[in-house]
Amino acid sequence: MAERPYIVGNWKMNGTRAMLAQARAIDRAAQNMMKVEVALAPPFTLIHAVHREVEQIGVGAQDCHPGPDGANTGDVSAAMVADAGAKFVILGHSERRRDHGESNALVAQKAVAALQAGMRLILCVGETEETRDAGKAEAFVTRQLKASLPETLESPADSLTVAYEPVWAIGTGRTPTVEEIGAMHCAIRALLVDLYGAEQAAQVRILYGGSVNAENARDLLAADEVGGALVGGASLTAENFLGIVVAAADTVDS
Ligand code: 13P
């Protein structure tokens, strides 16, 4: 486990202002668990409201457009989400790759736009069940990550988090084994060392995502090279999410 685990809630297409109370409760509890870095990525419509409600936790976006501005009806630029209070952007989530046909090249363009707007990245990668069954998961994920990263990244230690989210584990209640997660995270770490050198790579946290909950968090977070979790369904209530944050706090050596 990294020195300071990073637990990020991805609210996906959930939440109206009624959910601000959950964000407040998460923020209040996070103030007493400084060993863990806690963040939420609400939908676009709530970024500013959550940003105004919280003091401790990070607030981010779930996507951004690669361009600066212009005639792109329905799209939201990196500068816009940053202006609303986002400090990071989740990019390349498998739901965007699947539902919006996002390619690795597009994810890389979005990453460049997000960095230019002064935000950090949470770059998501993950294999389908078919790819895992074919024994090609690690080769696929490392290739996907390499192709989704911007060509140049000045200080990955400060700007990059990777999230490994097997597509078949998202929202299914199924997870890889701790050994499988450890092996994948080690493969991702090796690629980062290759790309950025050992010193920078060591500071990039690699999150696990996919059916993380308060019950399994302790085991999943103990896997090799896991620096935290990207949480979907279990991040929608403070009670469930804080169970994961507490599990992460328990893994930190005091
Ligand atoms: P679940 O935690 O609901 O499986 O979602 C994981 C995820 O996709 C987070 O980005």
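We count ligands from 1, going down the list as the structure has it; atoms in each ligand are counted the same way.
Results of the side chain to side chain contact (heavy atoms under 4.5 Å, CB included) test with S148 over L106, V162, L123, L121 single out L123 as the only residue that passes. Considering E129, E130, E127 as possible partners of W168, the one that fulfils the side chain to side chain donor-acceptor pair (under 3.5 Å) test is E127.
Ring orientation note: the planes of H185 and Y208 are tilted relative to one another, at an angle of 30° to 60°.
Taking only nitrogen or oxygen atoms, main chain and side chain alike, N10 reaches within less than 3.5 Å of ligand 1. For ligand 1, the polar-atom distance check finds an N/O of H93 within less than 3.5 Å of one of the ligand's N/O atoms. Annotation: A234 places no N or O atom under 3.5 Å from an N or O atom of ligand 1; distance criterion only.
A cation-pi arrangement, defined by a distance under 6.0 Å to the six-membered ring centre and an angle within 45 degrees of its axis, is present between R205 and Y6.
Of the protein's heavy atoms, G232 N, 2.9 Å lies nearest to atom 2 (O) of ligand 1. The nearest protein atom to atom 5 (O) of ligand 1, hydrogens excluded, is given as K12 NZ, 3.2 Å; this is a heavy-atom distance. Nearest protein heavy-atom neighbour of atom 3 (O) of ligand 1: G233 N, 2.8 Å. Among all protein heavy atoms, the one lying closest to atom 7 (C) of ligand 1 is E165 OE2, 3.1 Å.
Atoms CG and CG, on N10 and L230 in that order, are 5.5 Å from each other to the nearest 0.5 Å. Atom-to-atom distance recorded for R143:CZ and L191:CG is 12.0 Å, nearest 0.5 angstrom.
Taking every non-hydrogen atom of L230 and a distance limit under 4.0 Å, the qualifying atoms of ligand 1 come out as 9 (C), 10 (O). Close contacts between ligand 1 and G210 involve ligand atoms 4 (O), 6 (C) [criterion: under 4.0 Å to a heavy atom]. Atom numbering of ligand 1 starts at 1 in the shown order; those under 4.0 Å from a heavy atom of S211 are 1 (P), 2 (O), 4 (O).
Environment of CD in Q31: crowded, with over 12 heavy atoms of neighbouring residues, nucleotides or ligands closer than 6.0 Å.
Both V76 and L40 belong to a single network of hydrophobic side chains, linked directly or stepwise wherever heavy atoms of I, L, V, M, F, W or Y lie under 4.5 Å apart.
Within the structure, the closest approach of G171 to ligand 1 falls below 4.0 Å when heavy atoms are considered.
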